[in-house]
Amino acid sequence: MVPTPVPSDPPSLPEEGLLTVLPFDAIPEIPLLTYRNPDPSTWIPPGTRVAVPLGRRTVAGLVWSVPAPPFDGTLRDIAGVLDPAPVFPSPLHTLVSFGAWYYKIPPGLLAKSALPPSLSLPKSLPASFWKAYGAPLEEEKREWTDLPPLSLAQSDALREWEEKRHHPFAPFLLRGVTGSGKTRLYQEMAKTALSEGSSVLVLTPEIGLVAPLLEAMRAISPLAEGIHSAQTKAERTRAFARILSGRVPVVVGPRSALFSPLSRLGLIIVDEEHDPSYQAYEGLSFNARNLAIRRAQDLGIPVVLGSATPLSDSIFHVSSGRYHGLSLPGRIGGRSLPAIHLIPSGSGSSPLPDPVPERIAASLDRGEQSVILLNRRGYVPTLLCRSCHTTLSCPSCAVRLVFHKVPDRRMICHSCASSYAVPSLCPTCLGRDLELRGTATQKLEEILGKHFPGARIIRLDADSAQDGQERLAAFREGEGDILVGTQVVAKGHDLPKVTYGVVLETDGMLAFPDYRASERAFGLILQLAGRVGRHREGGQVDIVTRDPDNPVLGWARDYNQEAFYKETLDERRLLGYPPFTRLASVILSSTHEAPIREALAERSPFGKFPAGNGIFGPVPALPPKLKNRYRAQVVIKGPTIGLVHNRLEQVRSYYQSRGKILVEWQIDPFDLG
DNA sequence: AGCACGCCGACT
DNA sequence: GTCGGCGTGCTC
Ligand SMILES: [Zn+2]
Ligand SMILES: [Zn+2]
């Protein structure tokens, strides 16, 4: 979805000696503040950091390029100019203003998220920053290798892109299965931009995926900079300084790199455009993928969205002509995608029904690797009391506590991260007959260890996130035989020796009550299939399910993306979901149950509406209690962002005026769960 | 009474 | 975001 344009601010300069400042702080309503410059003979250019008094504190902020609304009170002097030069160029101010307006988030916090953390403190930058800013850029020594020639499909896609990229702005959706050579095409597109004297920004959904793309970009431009997990904070700050100096031709980074101050930007690439990580962020909700489109649109430069499993929304935009479509059919070298089979879970208690164990064994025998996806971390997800049939849940949240065996035997809440000793009595009825039920990744790792003694098993989930990169590298280097993990195992990593993949607990993913649940499950299955047999022939993937007749699983088995998209889009049109409407999710919460109960008891306080256009709810939120707050959800749908904003304001004022209820929102939420 | 906690308004 | 002022409800 291309966000609709925002009316631009009236062009006027602040009065002589006055400065508009955006503090790195959440000041609702009037975020831009006016200060006096005690030394009006010195011009402080927009984007310069200044220290300003705010209440009884001194905070850092940016001199802003548009004036603040007039203020009648007494103006205060700025406390000081922090840096000798701007750190946030004015073209990016427009993007921050737009993002803050569109997502209804404080622009000060958005600007703060755009800069290395140390820049939001009211302190001057160390000499090392300005040294990195000015010092000659160092090329990493590397073997110069020839890039492989383009396939016919790659050349065709490149030519099509080159022809269309300067015509009326429209994002490009580049579709291509894993191994189809999307990265090779990114290289050629970047080369084209560089040859015209432009720079290139490449975004990845998570920091762990930066390294391979950075490597690919360094092959065409040795001065490419990455923002990656191997860097220390200081290194990242110095990388920012080099980018700010205007000499870095290519930047590869995660969501936060969206605001990289590249000069002469000529191309933006958003890899894995379907990934929900572009949206998620606690407290500050904006979509980096969509803002990247906006940044490109502002500059009139091409933006390329790449994925093997695009959002249904993107598919629709291609069919409606709003996006250009590019595609790379098939894998390079004609290698086939693995065959996918649906395996009934069976009645046994084993999480690995036949023929999964034999196929893992066969893969082991051939000296190849297997990947098993189980979207559930911990050891066992449920502690059930056989006497009163309650499950142990978090005292602060309405969710089950998950039993973890490592690093300690504890009951952990996945919503608030609090942990508790494993009880020996049921806290509800004091019964002793407690049962651990179900299987999560840690237990699966244990089961596999017993089943295949001698096999080297590596687990990858949020609990192993710290050394996740090392574990993954070890597996890639062949230091493991079976990789077990949550959805991280399906993300874009290249795992050459994998020839067998298994997806467990697909039913849970499909049954999740959200309009995007089936798209996520479908995408995850095909992404896992993309990991399998990438460099070796004859791979296969098994999907374990209680519901082998489920059409979504059938389409995944047949790689029938078009049928899936058609069905999904028909359903979304009928029920009024994106891309046929814009969404906002409003969460009402309170430490007391009563205000939420009362809000829920009111039926349709905002009126009756047709499915795709109106204010719906409140309904109990998921989970209905989180971190000691009771929660309800209101969903807003509307054909235009303006209407969604108006309705949000209506909902916000309705509940905030009654007090006791905290109102939070997400514009264009990735999902409603 | 004393205090922790959450809520609310102010901040140029 | 962060601070102070103020009310609620709990403990010493
Ligand atoms: Zn019980
Ligand atoms: Zn909890």
Side-chain angles (χ1 to χ4, degrees), chain A residues 9 12-40 44 46 48-82 93 96-97 99-100 103-123 256 281-286 395-397 416 418 587-599 625-632 652-665:
Chain A
D9 299 284
S12 65
L13 290 166
E15 214 180 300
E16 193 76 3
L18 297 187
L19 292 168
T20 303
V21 175
L22 177 65
F24 297 127
D25 241 333
I27 304 170
E29 310 305 325
I30 310 156
L32 288 172
L33 305 179
T34 309
Y35 288 85
R36 287 186 316 215
N37 181 359
D39 180 10
I44 310 172
T48 307
R49 294 192 315 137
V50 288
V52 291
L54 184 65
R56 56 198 65 213
R57 298 173 299 144
T58 298
V59 301
L62 294 167
V63 175
W64 209 242
S65 47
V66 275
F71 175 63
D72 288 338
T74 324
L75 297 178
R76 301 172 80 177
D77 285 353
I78 61 164
V81 180
L82 293 170
H93 297 196
V96 166
S97 296
Y103 293 106
K104 297 291 168 219
I105 54 180
L109 295 186
L110 192 54
K112 183 179 179 176
S113 80
L115 295 166
S118 61
L119 299 227
S120 53
L121 304 173
K123 288 194 296 191
S256 63
Y281 191 67
E282 62 293 343
L284 192 65
S285 168
F286 65 92
S396 308
C397 314
C416 72
S418 59
I587 297 290
L588 315 175
S589 72
S590 170
T591 46
H592 301 278
E593 195 181 356
I596 297 301
R597 201 190 323 114
E598 285 157 22
K625 187 184 170 203
L626 179 65
K627 296 182 188 171
N628 280 317
R629 302 189 69 92
Y630 297 86
R631 292 155 30 98
R652 199 186 61 79
S653 61
Y654 184 76
Y655 290 107
Q656 272 178 358
S657 64
R658 317 201 305 182
K660 299 241 169 208
I661 291 182
L662 177 68
V663 185
E664 294 166 301
W665 55 85

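Per chain, numbering begins at 1; letters A, B, ... match sequence-line order.
The shortest non-hydrogen separation linking A:I596 to A:A632 is CG2-CB, 4.0 Å. Smallest separation of non-hydrogen atoms from A:T20 and A:P67: OG1-CA, 3.2 Å. Residues A:T58 and A:P122 come closest through the heavy atom pair O-CG, 3.6 Å.
Counting any heavy atom pair closer than 4.0 Å across all strands shown, A:L109 reaches sugar-phosphate atoms only and no base atom. Residue contacts for A:T591: at a heavy-atom cut-off of 4.0 Å it reaches the sugar-phosphate backbone alone, with no base atom in range. At a threshold of 4.0 angstrom between heavy atoms, the contacts of A:F71 include nucleobase atoms, whether or not backbone atoms are also involved. Using a 4.0 Å heavy-atom criterion, one finds that A:G108 contacts no nucleic acid atom at all.
Each of A:K660 and A:D25 has a nearest nucleotide on DNA chain C; the 5'-most of these lies closest to A:D25.
A:Q656 meets the side-chain contact (heavy atoms from CB on, under 4.5 Å) test with A:R652, A:V663; sequence neighbours excluded. With sequence neighbours left out, the side-chain hydrogen bond (donor to acceptor under 3.5 Å, both in side chains) criterion links A:R658 to A:E602. Scored by the salt bridge (charged side-chain N to carboxylate O under 4.0 Å, His left out) test, A:R76 finds no partners at all (sequence neighbours excluded).
Proximity of a side-chain donor or acceptor of A:K625 to a complementary backbone N or O of A:P395 within less than 3.5 Å is detected. Here the side chain of A:Y655 pairs no donor or acceptor atom with the backbone of A:S589 at under 3.5 angstrom. A donor-acceptor pair is defined here as one N or O able to donate and one able to accept, closer than 3.5 Å; no such pair exists between the side chain of A:R597 and the backbone of A:H592. The main-chain N or O of A:K112 is never found under 3.5 Å from a side-chain atom of A:S120 such that the two would form a donor-acceptor pair.
In the 5' to 3' direction, nucleotides of DNA chain C lying under 4.0 Å from heavy atoms of chain A begin and end at C:dG1 to C:dG4. Contact footprint of chain A on DNA chain B: nucleotides with an atom under 4.0 Å from a non-hydrogen protein atom, first to last in 5' to 3' order, B:dG6 to B:dT12.
When each of A:I44, A:V59, A:V52 is tested with A:V21 by the rule side-chain contact (heavy atoms from CB on, under 4.5 Å), just one qualifies, namely A:V52.
Of the residues in residues 48-58 of chain A, those lying under 4.0 Å from DNA chain C by heavy-atom distance are A:R56, A:R57.
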